[in-house]
Amino acid sequence: MRTFFLQRDPDTNPEIPDSLPEAAARILEGLNPVQRQAVQVTEGPVLIIAGPGSGKTRTLTHRIAYLIATGRARPHQILALTFTNKAAREMMERIERLVGAEAARHIWMGTFHAIFARILRREGQRIGYTPDFSIYDTDDAERLLRELMARYHIDPRQYSPRTIRHLISGAKNQMIGPEEYARLVASPVQEKAAKLYGPYQEALRKANALDFDDLLLKPIELFEQHPDVLQRYQERWRYLHIDEYQDTNRAQYVLARKLAAAHRNLCVVGDDAQSIYAFRGADIGNILSFQRDYPDATVIRLEQNYRSTRRILKLAEAIIQHNRDQLEKRLWTENPEGDPIVLIEALSERDEAQKVEQRIRDLHVRYGYGFRDFAVLYRTNAQSRSLEEALRRGGIPYRVVGGLSFYQRKEIKDVLAYLRLLVNPHDAASLQRVINYPARGIGQRTVEVLMDYARQHGLSLWQAIERVEEVGLSARAQKAVQEFHFLIARHAAKMDTVPVDELARTLLQESGLLEELRREGTPEALARWENVQEMLNAIAEYVATAGEQATLSGFLQEVALLTDLDEMPEDNRVTLMTLHASKGLEFPVVFITGLEEGLFPLAQATQDRKDLEEERRLFYVGVTRAQRHLFLCYARSRYRYGEQQPSVRSRFLEELDTDVIVTEAGLPFRRGEVLDRRPRSERYVELDSHYYRRPLQQRSSSGATRRVVYDEGAGEIVPGARVEHAIFGEGKVLALEGQGDQARAIVFFPEVGQKKLVLKFARLRRID
DNA sequence: GGGTGGCATCTTTTT
DNA sequence: GATGCCACCC
């Protein structure tokens, strides 16, 4: 079952001691000297520049715990802002271990969007939003825009609603209002966007709805119009922390500045080299100019990497050195050299996927890596398909993160629309979504008439429905509309008396949605039905955990901000995801696929230096996810627009000047050189087919418990065992020496004599 | 008003 | 290669 990340508003001060001296000492232990410094500078602005794998989260969490343990701050006086719920939860769990669950629960921790949605819930009334406002995701926003485009006679085929939304969102991210944007217009599309921007905002307001950008902009508006409110929050939060500071946009920057103005205890953590969200308004300038904004800031650099092998870090440096505009930073590690990075060339995407599958199988069997130790990364979500197919064929369990997430599925959005309508009937997007789903005789024409009426009388669509008799519809249509109205109103009236989970269940029942899915009877419909049930369970769970504070609108607002990425990968599966989604994660084995011109870097990003540098940082992010083994893959041809098209190796590979990469044949890779033209069979060392015939067993291994397993069912290699070698034939193990990757066996082969073999490479098979 | 079939259209990345 | 939109028929 899905568990939601929900937190009570941590206002009240719990009964926890003022300080925890023994915890404070423990918190400092296990940190390196630089990290310790970052934890102990508790006053004034702090900039922590943290390279990949440098223990950034650890440092941040220890810092927060330290503030509590030393009594410098009460838990509810600390605000920590992240970009994903997952990051927040991870930090929360660590803090719990350091200072206890009770104290941790009262820290204000969460994503920017979630925290400010909560603020708006409490204070939004001052700027005209009731607490039951709806949150519109990009889908809802585009739906709204589409409607406006129709009204303004803008052809959606000529100017896509998506582009328009993107432009408006970009303007909002930079805090540019409709009037100002209209002045800046420089192209026909922008002109259309400018025309729609104002009406779009108006439509949102009329629906008592906010889009993602509004969740940041409206709090700014609130704080500017009501300095007393700002002052209250400034005083409440004595310590402000921001993770992934390089990803903040203009609005987030302004919010941070405002909130930190009184105490100036602002601690930001980030890595300019990992800035990959400029497309959604992130301004790398925020981190680059932090020292200018706060001249008295303490700057701390976490440069020691604990994650990756030397070779992987060398590659990362070789990549990033092609970018200008970097903060100075030198990564180093005490980790071993590690294996060379393997460059894999495939004939097609299918071939690429197959090779990835074989490598996973090989490493799983040979080193005993669990499936959860693998990540396969790609640039676009569409690339997952071929990989999924290959893994499914190979019987390797996997999960895909991102893509179409649970919350973006049609049936879930339908359910949410019904529920949103219940708490906020003015929510036009939700109303239009479900007014005729399941079909109940309210067609497009009827809806249009209602909308016209609403507009003429300055009403919301819902208000028009409330007085449907005046609208002048046919008797049949009017009756259908009235029935729908009654359905919603009847349930809305019970909101205060019936528990929300029960209410939701009966509403969906009576709407006919569940029946509709069951009636279809296809496996897909069944799956959708189950998803709906899961959603209902989640509501029940929410009621159980949030107790008194459980309101349907609260639930809906939290859910609107959740994504699949927030879920924990508990089972032992290979992870497939976009490079973007991989940020902040680490895996023993990483594959980066699709390193081809036009795909990575994406064609659209090759024109502008800034875009190209962002793509390069994305490559850097991907590479630095790997702990021990890294594979870089590309295909010589790929399906695009439903057609097989030749592709060219990525410039990111051609520009590398490094000796850490080898080809599949084990030869050093040199840029600009064609890999190999020999027939495939001779080209690379075939992986031992012996492994591939066996069904795979899931092993519950993680890095820590890794055993050297060279062959399933044949036992481990021990002195005295009879073994078989691919070239030398049968032999007998005389002795073993060395550890881990260095482990060697001395084997006597009757035909060739005594050999000393590195177990890792020899692939001995026990035969007795 | 509802349902079906054919055509066109894109595919960045996400809170 | 999937989704959305339109035209056509019931």
Side-chain angles (χ1 to χ4, degrees), chain A residues 81-88 110-117 135-139 141-143 146 150 155-158 160-163 165-166 169 172-173 210-216 244 247-249 251-252 275-282 349 377-386 401-405 407-408 410 436-448 473-474 476-477 480-481 557-566 577-583 594 598-606 611 614-615 617-619 621-622 638-644:
Chain A
L81 296 166
T82 63
F83 280 81
T84 63
N85 287 302
K86 188 185 167 121
T111 62
F112 271 93
H113 290 85
I115 293 287
F116 288 106
I135 297 176
Y136 278 12
D137 65 7
T138 48
D139 256 26
E142 270 170 39
R143 188 178 277 257
R146 204 172 277 278
D155 184 359
R157 274 175 305 191
Q158 197 178 354
S160 87
R162 171 181 279 173
T163 311
R165 196 211 83 234
H166 196 247
S169 174
K172 289 170 88 168
N173 279 325
L210 298 126
D211 67 12
F212 286 141
D213 305 317
D214 285 341
L215 288 178
L216 304 175
E244 309 281 16
D247 289 335
T248 49
N249 64 27
Q252 287 159 330
S275 160
I276 54 173
Y277 282 111
F279 71 90
R280 71 169 192 221
E349 59 191 329
L377 309 180
Y378 38 79
R379 179 66 242 263
T380 67
N381 279 308
Q383 285 166 258
S384 74
R385 181 168 308 126
S386 51
V401 270
L404 237 208
S405 81
Y407 311 99
Q408 289 169 348
K410 184 186 176 303
N436 199 34
Y437 180 80
R440 50 174 72 87
I442 306 173
Q444 204 183 342
R445 184 75 204 119
T446 305
V447 176
E448 268 169 35
L473 288 167
S474 72
R476 199 170 70 170
V481 171
Q557 286 167 12
E558 301 264 353
V559 162
L561 299 172
L562 287 177
T563 66
D564 252 14
L565 304 183
D566 301 324
M577 62 187 159
T578 62
L579 286 140
H580 282 90
S582 76
K583 187 151 105 173
L599 186 62
F600 193 24
L602 225 44
Q604 299 92 310
T606 54
D611 291 345
E614 175 145 320
E615 294 279 304
R617 288 194 294 268
L618 191 56
F619 187 27
V621 166
R638 188 171 291 273
Y639 265 102
R640 282 203 127 179
Y641 304 107
E643 221 181 333
Q644 188 99 25

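Every chain is numbered from 1 and lettered A, B, ... according to where its sequence line falls, protein lines coming before strand lines.
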Between [atom2] of [N] and [atom1] of [X], the distance in whole Å:
| X | N | atom1 | atom2 | answer |
| --- | --- | --- | --- | --- |
| A/Gln604 | B/dT12 | CD | P | 5 Å |
| A/Arg379 | B/dT14 | CZ | C1' | 11 Å |
| A/Arg638 | B/dT11 | CZ | P | 18 Å |

Problem set entry | Euclidean distance for C1', C/dC5 against B/dT12 (whole angstrom) |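 Per the computed distance, 24 Å lies between those C1' atoms.
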Exercise. How far, in whole Å, is C/dC6 from B/dT11 if one measures between their C1' atoms?
Worked result: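 Each nucleotide's C1' atom is 22 Å from the other's.
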Can a side chain N or O of [X] be found less than 4.0 Å away from OP1 or OP2 on [N]?
| X | N | answer |
| --- | --- | --- |
| A/Arg162 | B/dT11 | yes |
| A/Asn381 | B/dT13 | yes |
| A/Thr578 | B/dT12 | no |

For this session: Evaluate side chain to side chain contact (heavy atoms under 4.5 Å, CB included) for A/Asn436 paired with A/Val447, printing each intermediate quantity in order.
Result: CA-CA 9 Å; A/Asn436 199 34; A/Val447 176; 6.0 Å; no
Just so I know, are the side chains of [X] and [Y] near enough to count as touching, which here means a heavy-atom distance under 4.5 Å?
| X | Y | answer |
| --- | --- | --- |
| A/His580 | A/Leu618 | yes |
| A/Leu216 | A/His113 | yes |
| A/Asp211 | A/Lys172 | yes |
| A/Arg379 | A/Glu615 | yes |
| A/Phe116 | A/Thr111 | no |
| A/Tyr277 | A/Lys583 | yes |

Exercise. Of A/Ala605 and A/Phe212, whose closest DNA chain B nucleotide lies nearer the 5' terminus?
Worked result: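 Its nearest nucleotide being more 5', the pick is A/Ala605.
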For this session: Please indicate yes or no: is the ring centre of A/Phe279 less than 5.5 Å from the centre of the six-membered base ring of B/dT13, with the two planes inclined by under 30 degrees?
Result: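 Stack criterion met.
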Exercise. Would A/Lys410 count as a cation-pi partner of A/Tyr437, with NZ or CZ less than 6.0 Å from the six-membered ring centre and within 45° of the ring normal?
Worked result: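 Yes.
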Exercise. Is there a donor-acceptor pair closer than 3.5 Å between any side-chain N or O of A/Ser582 and the backbone N or O of A/Leu579?
Worked result: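 Pair found, side chain donor or acceptor close to backbone of A/Leu579.
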Between the protein and nucleotides 2-7 of chain B, which nitrogen or oxygen pairs come in under 3.5 angstrom?
{"from": "B/dG2", "atom 1": "OP1", "to": "A/Gly441", "atom 2": "N", "distance (Å)": "2.7"}
{"from": "B/dG2", "atom 1": "OP2", "to": "A/Asn436", "atom 2": "ND2", "distance (Å)": "3.0"}

Problem set entry | Donor-acceptor pair under 3.5 Å, A/Arg280 side chain vs B/dT15 base |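 No, no donor-acceptor pair under 3.5 Å.
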Between N or O atoms, less than 3.5 Å apart, protein on one side and nucleotides 7-10 of chain C on the other: list the pairs.
none

